[in-house]
Amino acid sequence: MDSPEGATARSEQKFRKFLKSLVRKQPQDLLLVIGTGVSAAVAPGIPALCSWRSCIEAVLGAAEQLEVLHPGDVAEFRKKVIKERDLLVVAHDLIRKMSPRTGDTKPNFFQDCLMEVFDNLEQHIQNPVVLQSILRLMERGTMVLTTNYDNLLEIFGQQQGKPMESLDLKDKDKVLQWARGRVKYGVLHIHGLYTDPCGMVLDPSGYKDVTQDPEVMEVLQNLYRTKSFLFLGCGETLRDQIFQALFLYTVKNKVDLEHYMLVLKENEDHFFKLQADMLLHGIKVVSYGDCFQQFPEYVQDLTAQICKQRSPDADRVDSTTLLGTSCVDCAKRKLGENSTDSPKRIKQSDNDIPTLK
């Protein structure tokens, strides 16, 4: 029998209100950004999927077992994981340490460690609710990108008979097709995929061919201007150097945009400060609850609300009315504008909720 606490949590979730500006979006107007929280909800039995900290710790454990990193270096990195707040910097240092001294990140032992950590992923899918919701949105035109190395979504989608594709930024033609909405079941891995050593990169310098290609950059940045990004299970994404280089650095008037981020609300003061701060980036922070277990059900209910909206072709609404998507339309009119303004730095708190500094 369910505990009283569990019943109360489900009751609160059942009657939770959703932002109408979000649930009235058409699925094809959304772009999902998938972070470690999604993988943690789907496969809780793999600690490395839960956060950057747990991923680095798991990689260090694998490196120790495989004997591909000096014991002294393992000990030093374990200290950094405990002390350092900026875990992406630690991850950058670790991948460089496990790469050739020439500075080239390929070949490297980092990938071997990830393959050890993520072995037999398909056997660890315990709670596919979030993945089911994402596929439901993809069926209706929602695009998906991820900062994760794992391919849980693709594995599950293939099990459901969907023609899933894993993409990385090394394939220009595929990236352009995806960005133009021509790869319906494509998942863009901006850090690459653990099974493909050629596409794995943590440092933006590894994507110089992409960031210096005007055609690719214009298409990707137009997505941030014209789509509503919905961040799911993301903590450090806005601090991620790759994400910043692709979507944030040259996008003007971010406060005029309308993006969304689902977060855990553990502390009210912290949460409401975060809400105010993130509006400066054009991001509305929304709480899915005060415990992580509420995340899958919230995403499921939110997806149901979005998918039941009528198509604009069936029931057109003037974009200047309260029912319209005026913020997105306004952003589309700004397609030709460019700027070099950079976003404020964002740091990661211990509870995996992003904060500004």
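Atom set for the values below is all heavy atoms of this structure, side chains included, hydrogens, waters and symmetry mates excluded.
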Grab the two heavy atoms, one from [X] and one from [Y], that are nearest each other, plus how far apart they are.
| X | Y | answer |
| --- | --- | --- |
| Tyr185 | Pro163 | CB-O, 3.5 Å |
| Thr303 | Ser133 | OG1-CB, 3.3 Å |
| Val183 | Glu165 | CG1-OE2, 3.5 Å |
| Val219 | Ala179 | CG1-CB, 3.0 Å |
| Tyr260 | Leu19 | CE2-CD1, 4.1 Å |
| Pro47 | Ser54 | O-OG, 2.7 Å |

Checklist entry - Do we see a donor-acceptor contact under 3.5 Å between the side chains of Asp150 and Ser39? => result yes
Are side-chain heavy atoms of [X] and [Y] found at a separation under 4.5 Å?
| X | Y | value |
| --- | --- | --- |
| Phe231 | Ile283 | yes |
| Phe110 | Leu94 | yes |
| Leu302 | Leu230 | yes |
| Met138 | Met164 | yes |
| Gln132 | Phe156 | yes |
| Trp178 | Leu223 | yes |

Validation: residues 140-147 side-chain donor-acceptor distances under 3.5 Å, sequence neighbours left out:
from   : atom 1 : to     : atom 2 : distance (Å)
Arg140 : NH1    : Arg136 : O      : 3.0
Thr142 : OG1    : Pro27  : O      : 2.6
Thr142 : OG1    : Leu137 : O      : 3.3
Thr146 : OG1    : Ile34  : O      : 2.9
Thr146 : OG1    : Asn148 : N      : 2.9

Approximate separation, where rounding is to 0.5 Å, of [X] [atom1] and [Y] [atom2]:
| X | Y | atom1 | atom2 | answer |
| --- | --- | --- | --- | --- |
| Leu257 | Thr226 | CG | OG1 | 9.5 Å |
| Ser21 | Phe18 | OG | CZ | 13.0 Å |
| Ser228 | Lys284 | OG | NZ | 8.5 Å |
| Leu232 | Tyr298 | CG | OH | 10.5 Å |
| Met217 | Asp213 | CE | CG | 9.0 Å |
| Asp168 | Lys174 | CG | NZ | 11.5 Å |

Donor-acceptor check, side chain of [X] to backbone of [Y], threshold 3.5 angstrom: yes or no?
| X | Y | value |
| --- | --- | --- |
| Lys184 | Glu139 | yes |
| His259 | Tyr224 | yes |
| Gln221 | Phe247 | no |

Checklist entry - Is there a side chain to side chain contact (heavy atoms under 4.5 Å, CB included) between Cys55 and Thr36 once you walk through the steps? => result CA-CA 10 Å; Cys55 182; Thr36 56; over 6 Å; no
Item to check | Mutual orientation of the aromatic rings belonging to Tyr194 and Phe118 [parallel < 30°, tilted 30-60°, perpendicular > 60°] | outcome: perpendicular
Identify all side-chain donor-acceptor contacts of residues 119-131 below 3.5 Å with residues at least two apart in sequence or on another chain.
none

Checklist entry - Do Leu69 and Phe109 pass the side chain to side chain contact (heavy atoms under 4.5 Å, CB included) test, and can you show the C-alpha distance, the side-chain angles, and the key distance before you say yes or no? => result CA-CA 9 Å; Leu69 195 61; Phe109 286 121; over 6 Å; no
Next on the checklist: Suppose we screen for side-chain hydrogen bond (donor to acceptor under 3.5 Å, both in side chains). Which residues come up paired with Asp112, at least two apart in sequence or across chains?
Outcome noted: none
Next on the checklist: Just to verify, which of Gln159, Lys162, His189 counts as forming a side-chain contact (heavy atoms from CB on, under 4.5 Å) with Glu154?
Outcome noted: His189
Which residues pass the side-chain contact (heavy atoms from CB on, under 4.5 Å) test with [X], sequence neighbours left out?
| X | answer |
| --- | --- |
| Glu64 | Val74, Arg78 |
| Val175 | Leu169, Leu188, Val216, Leu220 |
| Phe272 | Glu268, Gln275 |

Item to check | Tyr149/Leu193 under side chain to side chain contact (heavy atoms under 4.5 Å, CB included): CA gap, chis, key distance, verdict | outcome: CA-CA 5 Å; Tyr149 289 120; Leu193 189 63; 5.9 Å; no
Checklist entry - Is the number of heavy atoms from other residues, nucleotides or ligands under 6.0 Å of Lys97 NZ greater than 12? => result no
Next on the checklist: Asp301 vs Gln305, test: side chain to side chain contact (heavy atoms under 4.5 Å, CB included). Steps then yes/no.
Outcome noted: CA-CA 6 Å; Asp301 292 345; Gln305 291 289 322; 5.6 Å; no
Item to check | Matching residue for Glu258 among Lys227, Lys25, Arg225, Arg24 - test: salt bridge (Lys or Arg N to Asp or Glu O under 4.0 Å) | outcome: Lys25
